[in-house]
There are 2 protein chains.
Amino acid sequence: MVLNYDSVVRGSVAKQVADSIREAILDGRLKINERLPTEEELARRYGISRPTVREALKRLAAQNLIQSKRGPSGGTFVMRPDPAGLSGTITAAATLLVGVGAFDIDEIITARRETEAICCRLAAANHTQDELSAMEAEIALQSDSATSDEEFCASDVRFHRALVRASRNGPLDLMMYTVIEAFIPITNMIVVRMRERQQVVTLHRALLEAIRGRDAEAAVAALEQLLDYLRAMYSATLSARAARSAG
Amino acid sequence: MVLNYDSVVRGSVAKQVADSIREAILDGRLKINERLPTEEELARRYGISRPTVREALKRLAAQNLIQSKRGPSGGTFVMRPDPAGLSGTITAAATLLVGVGAFDIDEIITARRETEAICCRLAAANHTQDELSAMEAEIALQSDSATSDEEFCASDVRFHRALVRASRNGPLDLMMYTVIEAFIPITNMIVVRMRERQQVVTLHRALLEAIRGRDAEAAVAALEQLLDYLRAMYSATLSARAARSAG
DNA sequence: TTTAAATATAGGTCTGACGAATAGGTCTTT
DNA sequence: AAAGACCTATTCGTCAGACCTATATTTAAA
């Protein structure tokens, strides 16, 4: 374990320490699963108090860079980062941005269309049976009229996650967390009624079959139909609302 | 300001409090720029100590959800989330994933090719003079043989950021932070020698001119040339290294 | 009226302590 | 001797209260 215990000048002490440790993790001086010194030891080395060390560690824990365990074999460990661990952070920020009205629905639909089209093409070429089965299972769930709206939305997210996974491209998978975990729920808030659900399921099924048949263009076409449909539903909801408030 | 001060059962107290406040922010009970109660007040309301409150707040601060200021008019404020604020978190995780060898170079190049192609197409259609000027400025900097390798890489990142911005699509801009801030530096570690820099600049220039001329296909072609070149450089570096270690 | 100092507020840090969880050793029992 | 229960040491989790520091506001002086 190699750390610089140099004092930096700007920012609060806790922030400095957090940055120092983060840097050590990022450039590999601290390896994955390696155990950091105890909080007391860190406090001694940095010449600060333990609560301050803890504040620094909590910042890193919030970024899923480290994790702490209690007990004699406990301590603070460098986490193996996983894309899923990022999803929370990304989702929070993206949700906030959407809630604040930073994006409009057309931007979101465009971004979905373009990025998911990539996934469709790669999925058509690279998918395995695993992902097809996962998508099938979600479609089955979505077809069941007994599933609640919340479950339907969650299933929809999982369906699209499986689609992304089928592209078998790790970096793309990481990027797509933003659209999957934040933009899909936003888009889906539109689709609540049964008949609309039915239509979505039909298009999901078309998408799945296109990918199973390794037909990239058909898959993209199904995706575009799906998004066009959602876009139309959104407009319809808006005008219905406007009509209600006007009447 | 409305908060639930209910006690939740799972997780450490600090984590619970952080989650409680985060939830309040995400579903809008705490609005942007709104000021939270003082740390002392929060401690009183949640029935916990101030250090624990601070740990919770630091977790949120690490996610750029809140920010603290000192002084009488100070306090803890809900931040307006901006995509740039996320870049740090995303970059950290992606860099770590790359460093751990979770992705290979071909995956990264594929992801770059597909996602940046989207940006090229949208940029060709939607760009403004602003982004063109920014790209031009970076090309000028990159052409200067006096710029150091570090500056060249940083400039390259800014060039691609401007390209993404030129697509004028907020959600896409958010997503692309991953590829811009993490994958480009990785890819660029390859390009260090002067002649290679020259070639990159030439292709950047071609890309810029294609977008200026609103020629989406030409822009995509330039991008593909750029990535093919980087891929070839990578292979060359690898075989050179293999030859050295063999000889 | 303008400037400078005092003050109050709220975050930042420290010291010291105790509680809680857990791995490993020790002791007892079979 | 082996298997189990119990104890203990270690380390994070939390608490309490205090003092320091930065800053907006207020007050006083020029």
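Since we're looking at a predicted model, the values are computed, not measured. Worth knowing before you read on, the calculation uses all heavy atoms, side chains too, and leaves out hydrogens, waters and symmetry mates.
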Distance below 4.0 Å between S73(B) side-chain N/O and dA24(D) OP1 or OP2: no
Ring geometry between H204(A) and F159(A) (parallel below 30°, tilted from 30 to 60°, perpendicular above 60°): parallel
Separation of dC12(D) C1' from E40(A) CD (nearest whole Å): 11 Å
Spacing between R54(B) atom CZ and dA16(D) atom C1', to the nearest angstrom: 15 Å
Nearest to side-chain heavy atoms of T38(B), which nucleotide of dC12(D), dG11(C), dG13(D): dG11(C)
For atom NZ of K15(B) and atom P of dT14(D), their distance in whole Å: 12 Å
Distance-only donor-acceptor check, side chains E131(A) and T128(A), under 3.5 Å: yes
Polar side-chain contact R50(A)-dG16(C) base: donor and acceptor under 3.5 Å: no
Of the listed nucleotides dT14(D), dC12(D), dT10(D), the one nearest the side chain of T76(A): dC12(D)
Euclidean distance, atom CD1 of residue I48(A) to atom P of dG16(C) [Å, nearest integer]: 16 Å
Side-chain donor-acceptor contact under 3.5 Å, T52(A) with Y46(A): no
Atom-to-atom span, CG of L36(B) to C1' of dA10(C) - whole angstrom: 13 Å
Separation between CE of M175(B) and CG of L174(A), rounded to the nearest 0.5 Å: 9.5 Å
Side chain to side chain donor-acceptor pair (under 3.5 Å) against N64(B), all qualifying residues, sequence neighbours excluded: none
d(CG, L57(A); C1', dT13(C)) in whole Å: 16 Å
Nearest-neighbour nucleotide for the P51(A) side chain, dT15(C), dA10(C), dG11(C) considered: dT15(C)
Interatomic distance, E34(B) atom CD to R29(B) atom CZ [nearest 0.5 angstrom]: 11.0 Å
Value in whole Å for how far the P atom of dT23(D) lies from CZ of R35(B): 15 Å
Residues forming a side chain to side chain donor-acceptor pair (under 3.5 Å) with E41(A), sequence neighbours excluded: R44(A), R45(A)
DNA chain C contacts among residues 62-71 of chain B, heavy-atom distance under 4.0 Å: S68(B), K69(B), R70(B), G71(B)
Phosphate OP1/OP2 of dT13(C): any S49(A) side-chain N/O under 4.0 Å: no
Closest to the E39(A) side chain, choosing from dT9(C), dC12(D), dT13(C): dC12(D)
Whole-Å distance separating the CZ atom of F77(B) from the P atom of dA24(D): 11 Å
